[in-house]
Every structure is written in structure tokens, then in C-alpha cells.
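A quick note: this is a predicted structure, and the numbers were derived from the prediction, not measured. For ligands, and for the atoms within them, numbers begin at 1 and follow the listed sequence. The first residue in the sequence is number 1, and the count goes up from there.
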Amino acid sequence: MATAPTKPTNASLKKIISFYCRFTPSYSAIGFHARRLFWQRIKGDFKGQTWLVTGGSEGIGGSTARSGIAGGATVISVARDGGKLKAFATSVQGPGKLLMEVADLSLQSDIWALLDRLEAGGTRIDVLINNVGIQKRDQIMTAEGLETSFATNILGHYLLTRELLARNILTDKAMVIEVSSGGMYNHAMVVKDLNITGQGYLGVRAYGLSKRAQVMLSSCWSQKYAGTGRSFYTMHPGWVDTAAVGRSMPRFRATLKSVLRQHYQGADTIVWLADARPQQKVVGSIWFDRKERPAHIYAHTPKSTATGADLLATLESYVLPRER
Ligand SMILES: NC(=O)c1ccc[n+]([C@@H]2O[C@H](COP(=O)([O-])OP(=O)(O)OC[C@H]3O[C@@H](n4cnc5c(N)ncnc54)[C@H](OP(=O)(O)O)[C@@H]3O)[C@@H](O)[C@H]2O)c1
């Protein structure tokens, strides 16, 4: 028997209204249009560079790949569906070029195979954009036994980045850009909950924690590679009308459709970072609409005692022994 949707209480209604009042003017296209009045045009000369964009066949990743190619870069787009990648390839315009790699970021076996292909091909990457991010309503496990949004959003990208660095596939001046989400603001880091399974599963929390983990991980890389030419950023795109939003938050999309950002608007800060390579003033901040912003906006989230070392140890504990 279908259960009737629960009626929101006054308190929850108040919370919802204050959420929309606070964030809609900033995260929607309204904020983008207001801020862009003060922006310079992105020069966008990426000739000679190689970018790797995970999830680079549609949405924000697709738009990022398009901008890289339009600026002359060779862009390696990674996604699961080869057919979608091919269709995307027919729609992009040079002078740069698109290379396609089929891999599932939720599977470590696929990531190792991708790394081997890149290394065997002598690839060097100047800009790595860790873009794939998913939110599941129900708990779904990967074939490797991990919660899918954890495996995809943070663990898979951690392994990819760790190995690209270790194998020196990332150039000496490479940038790594994590595409996080404003959804991370609600969540204090609890490392033991990252791969949350069983009864306590809540898709929005699993997503928020993985997105918070991206910010922390970026700080860890920044500290580890301080003084080298490599730089690490985290950004969030605002609210963008993509397939993922339609799938994971249909009600949110239906309510805000008219003011959601277009894909290029969500990708703007990624492309701007790649172009401007700004000096980051505060380790652990997050970029949004071309500006460095704090990683915490609520009082409860900085109270977490989880450190970067805890996060790294937790991620390492989930890296499976490599099968050859
Ligand atoms: N849209 C928003 O409003 C919003 C807001 C905040 C943050 N973000 C963040 O922005 C990023 C991009 O989101 P989006 O909305 O642009 O997503 P999207 O439109 O759903 O794009 C998904 C892309 O990722 C690929 N993909 C999905 N799962 C994959 C996997 N397991 N392995 C490899 N590729 C995979 C898809 O291709 P295949 O299906 O072929 O694999 C496609 O290229 C995410 O990190 C998201 O959390 C988005």
C-alpha cells in the first residue's frame, strides 16, 4: 500500500522557506547574472594543455570539456557510457580536441585500468577536474561492496588523483579542481560515516559528507604539495539544471526550474580557475562564482574533530588490494 506523503510541520516549513530565501538569490542563475556584471571575460587560451574531466560527457563536466576544447586544450572526457561520449564528441568544436575514456569512477578496477591506459599512452595532464558526483535516494552498493556515492564522489577520485600524482602523470604545474557542492555546508565531517551502509543510510547525508570530504582532501593535497608548482582547488557550481538534479531532486528542480543555472554557468568557476590560477588565501576554502568562500557557514560543522589525517587514513582503508 502506498503511504501518503507526510505533511510538513510548521517548524520544517519554516526551515524550508528560510533555506530557499537564503540560497536562491545566490546559488541560482540570479546570483550568476548579478555577479557577472563585475567579471572580466575569461581569456581561455588553453593551447598546449591537456585536461582530464571526469563526467565530461554532459552537464557541468560536459560544458567544462567544451570550454577547454574551445580554448585549444586536448580534453580527456571520462564517463561510463561510450555511446553518450561519442554523441558528445560530435557536438564539440575545436581548435582543441576530445579524447574519450570509458570508465566507471565508482569502481576501483576501472580506475586502475584507466590509469594504466593513460600511463601507457605517455599522457601528461595539466588540469584534472574531479567532477563526477552523484546523490542516491536509496542505498546502492557497487560491485566492489562500497556505498555508491562514497565510492564515486570521493574514494574513486582520491585513488585517481593519488595515482596520477604518484605516476607523475600530473605535470609539475598541474591543477586539480574538485567539483563539490553547497550541500556540504550542512554536514560536519564524521569519517566513520563516509561509507555509510545499513539502517542509518540517508542519501543526502552520504552525498553531503562526500562533498565535505572533497574540501578536506583538497587541503591535504595543498599541504602535501606546498612549495611545488601544483595547485589544488575546490569549487561548487551553484544550482544547475542538469540530468543529475532532475533524477535526484525532482521536486527541487520542478520548483526552481525557471531560475536554475545553465550548464555553462555552473562550469564558469571551473574554467575561470583553470584560466586565472588565482592564489588561494585560505587553505580549505571553497570557490564559488570566481571568489574564495568559507568552508563553513553553520556553527555546528567546524566542531568536527576529524582531521585531514583521519580522512586520508579512512580513504586508504577502503582502497582495495589491486587485482592484476
Ligand atoms: N547540478 C547541480 O545543481 C549541482 C549542484 C551542486 C554540485 N554539483 C556537482 O557538480 C558535479 C556535476 O554534476 P552534474 O549535475 O553536471 O551531473 P550530470 O549532469 O548528471 O553529469 C553526469 C556526468 O557524469 C558521468 N558519470 C556519472 N556517473 C559516473 C560514474 N560512476 N563514472 C564515470 N562517469 C560518470 C555521466 O556520464 P555517464 O552516465 O555516461 O557515466 C555524465 O558525463 C557533481 O559533482 C555534482 O555533485 C551539481
Check your understanding: Looking only at distance, does Ser181 have an N or O less than 3.5 Å from an N or O of ligand 1?
Key -> no
Check your understanding: What are the atoms of ligand 1, with element, lying closer than 4.0 Å to any heavy atom of Val245?
Key -> 1 (N), 2 (C), 3 (O)
Exercise for review: May I ask you to say whether Asp289 pairs ionically with Lys291, meaning some side-chain N is under 4.0 Å from a carboxylate O?
Suggested key: no
Practice item. Name the option, out of Gly56, Ala103, Ser180, that contains the heavy atom nearest to atom 7 (C) of ligand 1. Key: Ser180
Point to revise | Electrostatic pair Glu316-Arg162, nearest N-O below 4.0 angstrom | key: yes
Review point. Are Trp272 and Trp287 an aromatic pair by the rule of ring centers under 6.0 Å?
Key: yes
Revision key, fill the gap. Quick look: Glu58 vs ligand 1, heavy-atom contacts under 4.0 Å, and the answer is both
Exercise for review: State, without any angle test, whether Gln280 and Ser231 hold a side-chain donor-acceptor pair at a distance under 3.5 Å.
Suggested key: no
Study note, to complete from the structure: Nearest heavy-atom approach of Glu101 to Leu85 is O-CD1, 3.6 Å
Check your understanding: Any N or O of Asp81 that comes nearer than 3.5 Å to an N or O of ligand 1?
Key -> yes
Point to revise | Atom indices of ligand 1 within 4.0 angstrom of Trp239 heavy atoms, with elements | key: 3 (O)
Point to revise | Structural part of Val240 in contact with ligand 1, heavy atom criterion under 4.0 angstrom | key: both
Point to revise | Heavy-atom proximity to atom 10 (O) of ligand 1, best of Asp241, Val179, Leu256, Val132 | key: Val179
Practice item. Would you tell me which option among Asn130, Leu107, Thr242 has the nearest heavy-atom contact to atom 14 (P) of ligand 1? Key: Thr242
Exercise for review: Determine, considering heavy atoms only, which of Ser106, Ser28, Gly55 sits nearest to atom 25 (C) of ligand 1.
Suggested key: Gly55
**Study point:** Distance-only polar pair, side chains of Arg80 and Ser57, donor-acceptor under 3.5 Å
**Key:** no
Review point. Atom 13 (O) of ligand 1: which protein heavy atom is closest, and how many Å away?
Key: Ile60 CD1, 4.1 Å
Review point. What residue and heavy atom of the protein are closest to atom 18 (P) of ligand 1, and at what distance?
Key: Ala244 CB, 3.8 Å
Check your understanding: Do His187 and Thr301 come within less than 4.5 Å of each other through their side chains, counting heavy atoms only?
Key -> no
Review point. Going by heavy atoms, is Lys211 under 4.0 Å from ligand 1?
Key: yes
Practice item. May I ask you to say whether Asp116 pairs ionically with Arg167, meaning some side-chain N is under 4.0 Å from a carboxylate O? Key: yes
Check your understanding: Are side-chain heavy atoms of Leu209 and Ile154 found at a separation under 4.5 Å?
Key -> no
Check your understanding: If you take all heavy atoms of Ile177 and Ala274, which pair is closest and at what distance?
Key -> CD1-N, 4.3 Å
Check your understanding: Is ligand 1 less than 4.0 angstrom away from at least one heavy atom of Gly238?
Key -> yes
**Study point:** atom 8 (N) of ligand 1: the protein heavy-atom neighbour that sits closest, reported with distance to 0.1 Å
**Key:** Pro237 CG, 3.6 Å
Review point. Quick check, are the ring centers of Phe150 and Tyr318 under 6.0 angstrom apart?
Key: yes
Check your understanding: Taking the six-membered ring for Trp, are Phe23 and Tyr298 parallel (under 30°), tilted (30 to 60°) or perpendicular (over 60°)?
Key -> perpendicular
Review point. Does Ile134 reach ligand 1 with a nitrogen or oxygen that is under 3.5 Å from one of the ligand's nitrogen or oxygen atoms?
Key: no
Practice item. Determine, using ring centers only, whether Phe32 and Trp239 are less than 6.0 Å apart. Key: no
**Study point:** For Ala243, the ligand 1 atoms whose distance to one of its heavy atoms is below 4.0 Å
**Key:** 19 (O)
Review point. Does Tyr27 reach ligand 1, in the sense of a heavy atom lying below 4.0 Å from it?
Key: no
Exercise for review: Check each heavy atom of Gln135 against ligand 1 and say whether those closer than 4.0 Å belong to the side chain, the backbone, both or neither.
Suggested key: neither
Exercise for review: List the closest protein heavy-atom neighbour of atom 31 (N) of ligand 1: residue, atom name, distance to the nearest 0.1 Å.
Suggested key: Asp104 OD1, 2.9 Å
Check your understanding: Among Asp110, Asn131, Leu105, whose heavy atom sits nearest atom 11 (C) of ligand 1?
Key -> Asn131
Practice item. Provide, to 0.1 Å, the distance between atom 43 (O) of ligand 1 and the closest protein heavy atom, together with that atom's residue and name. Key: Ser57 OG, 2.7 Å
Exercise for review: Determine the interplanar angle of the Tyr20 and Phe252 rings, folded into 0 to 90°, and report it as parallel if under 30°, tilted if 30 to 60°, perpendicular if over 60°.
Suggested key: parallel
Point to revise | Short N or O distance, Arg80 and ligand 1, threshold 3.5 Å exclusive | key: yes
Point to revise | Check: Gly133 N/O within less than 3.5 Å of ligand 1 N/O | key: yes
Check your understanding: What part of Ser77, side chain, backbone, both or neither, has a heavy atom within less than 4.0 angstrom of ligand 1?
Key -> neither
Review point. Can you tell me if Trp112 and Glu163 form a side-chain donor-acceptor pair at under 3.5 Å?
Key: no
Check your understanding: For atom 38 (P) of ligand 1, what's the nearest protein heavy atom and its distance?
Key -> Lys84 NZ, 3.6 Å
Review point. Should the proximity of Arg247 to ligand 1, defined as any heavy atom under 4.0 Å, be assigned to the side chain, the backbone, both, or neither?
Key: side chain
Point to revise | Between Glu292 and Ser285, a side-chain donor and acceptor under 3.5 Å | key: yes
**Study point:** Which residue and heavy atom of the protein sit nearest atom 47 (O) of ligand 1, plus the separation
**Key:** Tyr207 OH, 2.6 Å
